[in-house]
Protein chains: 2
Amino acid sequence: MSIFNRKKEISIQTIRRLPQYLRIFYNLHAYGRELVSSTALAEETQLLPIVIKKDLQAVGAPSKLRAGFKVAGTIAVIEKFLGWNNLNKAFLVGVGHLGAALLGFDGFKNHGLEIVAAFDTHPEKVGNQFHGVQVYHTAQLATVIEKQNLKIAILTVPANAAQGITDTLVTAGIKAIWNFAPVNLTVPPSVIVQKEDISSGLAELCAKLKSR
Amino acid sequence: MSIFNRKKEISIQTIRRLPQYLRIFYNLHAYGRELVSSTALAEETQLLPIVIKKDLQAVGAPSKLRAGFKVAGTIAVIEKFLGWNNLNKAFLVGVGHLGAALLGFDGFKNHGLEIVAAFDTHPEKVGNQFHGVQVYHTAQLATVIEKQNLKIAILTVPANAAQGITDTLVTAGIKAIWNFAPVNLTVPPSVIVQKEDISSGLAELCAKLKSR
DNA sequence: ATTTTATAGATATTTTTATATCCATATTTT
DNA sequence: AAAATATGGATATAAAAATATCTATAAAAT
């Protein structure tokens with residue numbers, strides 16, 4: 001490996017903090033602020049200034065020495081890094097409590113995500129709209145995916161259905177699955193799976209509570 | 001600090017993996033399995049055997065040399081470590097899409113959590129039940145908290161309301177807040193805040209997707 | 001004009017977390 | 001009965017992430 005193709009890797013923890021920064025920068029921008037220092041951000045985020053400084057430097061946020069990071073420019077680089085500067089079409093499978101809640105979450109527009117279709121098997125859901133999103137029968141998955149050339153799936157089905165649906169998604173050419181089902185999905189290496197599990201957070205909370 | 005009161009700290013990452021183990025152990029137990037090896041668990045979880053071994057050793061899971069970890073005994077130590085062996089009463093503030101979804105999530109029983117009350121300000125919600133949980137007006141927060149001696153709050157209100165509600169909760173003597181609002185709450189050091197933010201997961205997903 | 005100060009920038013250090021290696025032993029295989 | 005093997009247990013190493021330290025500089029204060 002030469003020194004030329006060695007791009008500076010950005011750590012996962014840094015990536016996970018970016019949305020938080022982005023939110024704050026949006027607010028600053030709305031208020032007309034043009035510069036903000038890492039110490040000011042630290043107060044807002046309850047992180048250490050050095051963490052913020054390194055995170056923003058890692059994504060190449062523009063700055064002015066002794067003055068802070070440039071608000072507009074930093075928004076641009078974070079959005080570009082995450083691909084949130086234009087909308088990715090996605091769809092959701094499993095219109096249960098959580099699935100419906102996600103369909104109703106309008107914050108996704110700011111996160112580069114547009115949910116264009118939903119799928120379920122229950123007759124009383126299929127054919128209706130949830131928060132403006134049309135619900136199709138799961139049997140139509142492959143067809144709709146192909147027709148609309150969709151790449152991102154949000155999986156909010158019960159645990160026992162998750163792997164079956166996943167196999168269908170993979171066959172249909174899906175590139176990324178945001179998995180809210182409490183299962184470890186088996187997929188080929190070319191497919192990205194991002195697992196979401198709130199019980200981890202609850203475990204953390206309970207452990208801290210116990211040790212008090 | 002003497003060497004005596006130095007208890008082996010369990011890492012946060014280990015704690016966050018415990019619910020996953022617990023789920024698998026519940027299944028194994030239901031199937032009558034008495035022992036399971038770290039290699040078998042590794043296949044199921046897609047983690048490395050060494051990670052699982054160290055995690056389980058950290059919480060003091062009982063094992064049999066050359067045979068694996070004892071299913072029933074490991075369930076017991078994990079549950080005890082997390083305090084999930086008996087139910088903690090909790091309540092939820094903010095019966096929006098996400099709040100309602102959480103009220104409908106019956107998996108909390110396995111996670112040591114029982115939601116006994118909900119709060120909101122919308123007249124059409126107050127006085128009704130959501131998934132069997134009574135919704136009170138937010139103005140009654142302090143009263144209900146005190147009356148039922150509640151310690152854990154689940155916060156699913158809009159960002160702009162979060163800090164105000166939090167101040168009320170703190171005054172009422174709440175010990176832990178599970179925060180789903182995209183805000184950094186300010187609380188006294190005695191109060192635990194566990195922040196939940198799905199946009200971090202989405203950022204991770206998008207970053208991986210871009211770098212393909 | 002001069003001094004002070006807050007900051008990005010760069011580098012170094014520490015801590016945390018993940019991974020690898022070796023060993024003793026109970027189980028399985030031969 | 002003997003040999004091979006898979007495993008927990010213990011320790012060592014490596015990688016990742018967080019934190020600290022130092023420097024140059026532009027802005028603010030004097």
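In what follows, chains carry the letters A, B, and so on, assigned in the order in which the sequence lines appear, proteins first and then strands, with residues in each chain numbered from 1.
Between Phe105(A) and His111(A), the angle of the ring planes lies from 30° to 60°, which puts this pair in the tilted group.
Not one side-chain nitrogen or oxygen of Ser63(B) sits closer than 4.0 Å to the OP1 or OP2 atom of dT7(D). For the OP1/OP2 pair of dT25(C) and a distance below 4.0 Å, the side-chain nitrogens and oxygens of Lys64(B) include no atom meeting the criterion. Distances shown here put every side-chain N or O of Arg17(A) at or beyond 4.0 Å from the OP1 or OP2 atom of dA17(D).
Nearer the 5' end of DNA chain D, as judged by each residue's closest nucleotide, is the contact made by Ile12(A), out of Ile12(A) and Leu65(A).
Pair assignment for dT30(C): dA1(D), on the basis of Watson-Crick or G-U wobble contacts that are both within less than 3.5 Å.
If you check every strand for non-hydrogen atoms under 4.0 Å, Arg16(B) touches nothing.
In this structure the side chain of Thr138(A) reaches within 4.5 angstrom of the side chain of Ile165(A), judged on heavy atoms.
Between the Thr156(A) side chain and the Gly94(A) main chain, a donor and an acceptor come within less than 3.5 Å of each other.
When all heavy atoms of Ala117(A) and Val144(A) are compared, the closest pair comes out as CB-CG1, 4.5 Å.
Just one residue in the list Gln20(A), Arg16(A), Arg23(A) forms a side chain to side chain donor-acceptor pair (under 3.5 Å) with Asp197(B), and that residue is Arg23(A).
Across the protein-nucleic acid pair, Gln13(B) atom CD and dA15(D) atom C1' stand 14 Å apart, rounded to whole Å.
DNA chain D lies under 4.0 Å from at least one heavy atom of each of the following residues of residues 26-58 of chain A: Leu48(A), Ile50(A), Val51(A), Lys54(A).
A donor and an acceptor atom, one from each side chain of Asn184(A) and Thr45(B), are nowhere located under 3.5 Å apart.
Side-chain proximity of Arg66(A) to dT17(C), dA6(C), dG9(C): nearest is dA6(C).
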